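Computed from a prediction, not measured in an experiment: that's the story for all the values here. A note on names: the letters A, B, ... follow the listed sequences, proteins ahead of strands, and every chain is numbered from 1.
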Amino acid sequence: MSLHSPAAGPSIVWLRDDLRVADNPALTAATQRGLPVVVVYIRDEVSQGIRPLGGAANWWLHHSLGRLSARLTRLGTPLVLRQGGAHEVIRDLIRETGATAIFWNRRYGGPERALDAAIKDYAKASGLEAHSFQANLLVEPWTIATGAGNPYTVFTPFWKAFLARPEPPRSPLPAPKAIPGFPAGASGAPGQALPSDDLDSWKLLPKHPDWSAGLAARWQVGEQAAHEQLESFVTERLSRYADGRDVPADFATSELSPHLRFGEISPFQILERVDAARRNGSAETLRNAAKFLAEVGWREFSYNLLFHWPALATANFDRRFDGFPWAPSSTPALTAWQEGRTGVPLVDAGMRELWQTGYMHNRVRMVAASFLIKNLLIDWRVGEEWFWDTLVDADPANNAASWQWVAGCGADAAPYFRVFNPVLQAEKFDPKRVYLRRYLGDFDGADALDYPAPIVDLANARTSALEAFAHVSSLPRDIAPPTGFDAL
DNA sequence: TGTAAGTTATG
DNA sequence: ATAACTTAC
């Protein structure tokens with residue numbers, strides 16, 4: 001094949017939510033093509049329907065791209081950073097490079113899929129090969145359905161169906177040992193390097209004020225850190241995961257969520273490592289591993305929902321809630337919740353953990369969300385947006401599905417009458433007040449909490465919430481039909 | 001992956 | 001008196 005034939009042109013790898021070099025099928029396939037590889041990340045805040053990242057996620061993105069860029073450079077090709085509409089950026093990049101093939105790993109949100117489909121059509125019409133890959137989900141949503149052919153809307157049968165599949169998920173791919181850069185250096189005079197934005201010019205890091213000190217103190221960002229986190233979790237914490245995961249003072253969960261969110265690690269890699277741990281494990285290990293993998297499964301389930309219901313973050317999955325009498329959201333109560341001064345210790349501790357570290361323990365997320373929805377009667381979407389802006393692991397599928405779950409309007413949702421009592425939850429899961437003290441300071445005396453009074457009476461708020469939700473429950477269940485199949 | 005109020009068991 | 005268990009919300 002001549003270097004001058006069109007088919008010999010370079011390959012473009014478009015990275016999105018897959019900021020890793022190992023187990024990256026698009027990167028591996030492009031590398032195996034044996035031609036120069038252009039790796040690009042596009043910051044797209046203009047294409048129709050693409051939701052811009054929140055502040056904490058942007059902080060993570062900055063550091064993740066920095067690490068990835070250094071790794072790719074060592075492997076032989078720099079990371080090209082571009083900003084703008086993805087379609088236009090890809091079009092320009094094809095013209096600049098003479099690329100003859102483009103590769104990416106698939107996304108599952110509605111606007112993302114529509115954009116990717118349009119770009120794939122454009123690339124093929126322009127004479128390029130275009131290849132997309134399964135990389136970020138163990139089970140792609142169109143490959144699993146109920147006996148009646150419908151999308152699963154209950155987690156347990158969804159996960160059972162996944163576990164019963166005859167073909168196990170593929171083994172993760174190794175990282176390429178070297179990636180040929182663009183332009184090719186060997187066959188002629190070194191060409192001009194491709195223009196790339198300076199990462200700092202994207203201004204992903206907060207300034208004036210810089211609120212990121214607590215994030216930087218808590219998190220190690222990047223692919224290598226993700227694997228170190230997985231390793232320490234499996235060797236040190238998996239054996240007590242099933243019970244330990246509920247104790248917010250302990251660092252007993254995997255804390256892999258932001259790494260997974262940005263694709264610094266893949267679920268295939270997680271599954272393989274946990275499988276290795278349970279091959280020579282006790283019955284107790286099997287129980288803990290199953291519990292942990294079920295949490296990975298909830299992420300799969302959430303993406304399954306997002307694919308079939310692209311409006312998951314904005315529309316009630318159960319439309320009985322469309323007329324729900326939510327309280328006005330621009331209130332001092334909302335501000336108090338956001339700032340962690342509701343007078344309810346566990347809620348405030350959680351909201352302060354979130355503000356300081358970009359993260360909140362799972363159990364506390366449920367309690368804090370339940371408080372906003374069922375004690376303050378504020379629309380779940382208001383909370384979803386706050387978490388979207390403040391969580392380093394803010395995920396388009398998990399965040400939306402989980403808020404709907406707490407609200408009771410989601411798929412396989414908590415029943416409307418499940419109202420967490422934040423005082424009881426604290427007594428049960430943080431009996432020594434280690435978590436409370438960590439974020440609220442040493443506020444308690446011998447017995448009674450020396451803490452500001454709650455902004456609502458918990459018992460009364462619970463009663464009025466149950467009344468409001470009881471009206472919803474009297475209506476016939478009304479699930480919006482899935483639309484994901486049509487979006488392409 | 002809930003809570004609260006009730007009933008029953010136990011000392 | 002209190003733990004253990006059941007049940008409705």
Chemist: Which residues pass the salt bridge (charged side-chain N to carboxylate O under 4.0 Å, His left out) test with A/Arg299, sequence neighbours left out?
Modeler: none
Chemist: Among all residues two or more places apart in sequence or in another chain, which pass the side chain to side chain contact (heavy atoms under 4.5 Å, CB included) test with A/Val434?
Modeler: A/Ala249, A/Asp430, A/Lys432, A/Arg438
Chemist: Please list, chain by chain and in numerical order, all residues satisfying salt bridge (charged side-chain N to carboxylate O under 4.0 Å, His left out) with A/Arg261, sequence neighbours excluded.
Modeler: A/Asp17
Chemist: Report all side-chain donor-acceptor pairs from residues 465-479 of chain A shorter than 3.5 Å, counting only partners two or more places apart or in another chain.
Modeler:
| from | atom 1 | to | atom 2 | distance (Å) |
| --- | --- | --- | --- | --- |
| A/Ser473 | OG | A/Ala470 | O | 2.8 |
| A/Ser474 | OG | A/His471 | O | 2.6 |
| A/Arg477 | NH1 | A/Asp318 | OD2 | 3.4 |

Chemist: From CH2 of A/Trp159 over to C1' of B/dT1, roughly how many Å is that when rounded to an integer?
Modeler: 17 Å
Chemist: Under a 4.0 Å N-O cut-off, is there an ion pair linking A/Asp243 with A/Arg287?
Modeler: yes
Chemist: Find the runs of at least 3 consecutive base pairs, i with j, i+1 with j-1 and so on, that include DNA chain C, using Watson-Crick or G-U wobble geometry with both distances under 3.5 Å.
Modeler: B:2-10 with C:1-9
Chemist: Report all side-chain donor-acceptor pairs from residues 147-165 of chain A shorter than 3.5 Å, counting only partners two or more places apart or in another chain.
Modeler:
| from | atom 1 | to | atom 2 | distance (Å) |
| --- | --- | --- | --- | --- |
| A/Tyr152 | OH | A/Ala145 | O | 3.4 |
| A/Arg165 | NH1 | A/Thr143 | O | 3.2 |
| A/Arg165 | NH1 | A/Thr143 | OG1 | 3.3 |

Chemist: Once side chain to side chain contact (heavy atoms under 4.5 Å, CB included) is applied, do any residues pair with A/Thr235, and if so which ones, sequence neighbours excluded?
Modeler: A/Glu231, A/Arg273
Chemist: Sequence neighbours excluded, which residues qualify as side chain to side chain contact (heavy atoms under 4.5 Å, CB included) partners of A/Ala394?
Modeler: A/Trp388, A/Leu391
Chemist: Any residue in residues 392-404 of chain A with a heavy atom nearer than 4.0 angstrom to DNA chain B? Just list them by number, or reply none.
Modeler: none
Chemist: For A/Glu255, which residues count as a side chain to side chain contact (heavy atoms under 4.5 Å, CB included) partner, sequence neighbours excluded?
Modeler: A/Arg218, A/Trp219, A/Gln229, A/Phe251, A/Thr253, A/Tyr359
Chemist: With sequence neighbours excluded, what pairs up with A/Arg16 under the salt bridge (charged side-chain N to carboxylate O under 4.0 Å, His left out) test?
Modeler: A/Asp116
Chemist: Check the interface with nucleotides 2-5 of chain B: list each N/O to N/O pair with the protein under 3.5 Å, or write none.
Modeler:
| from | atom 1 | to | atom 2 | distance (Å) |
| --- | --- | --- | --- | --- |
| B/dG2 | OP2 | A/Arg418 | NE | 2.5 |
| B/dG2 | OP2 | A/Arg418 | NH1 | 3.2 |
| B/dG2 | OP2 | A/Arg418 | NH2 | 2.9 |
| B/dG2 | O3' | A/Gln425 | NE2 | 3.2 |
| B/dG2 | N2 | A/Phe417 | O | 3.3 |
| B/dT3 | OP1 | A/Asn421 | N | 3.0 |
| B/dT3 | OP1 | A/Asn421 | O | 3.4 |
| B/dT3 | OP1 | A/Gln425 | NE2 | 3.1 |
| B/dT3 | OP2 | A/Gln425 | NE2 | 3.3 |
| B/dA4 | OP1 | A/Asn421 | ND2 | 3.0 |

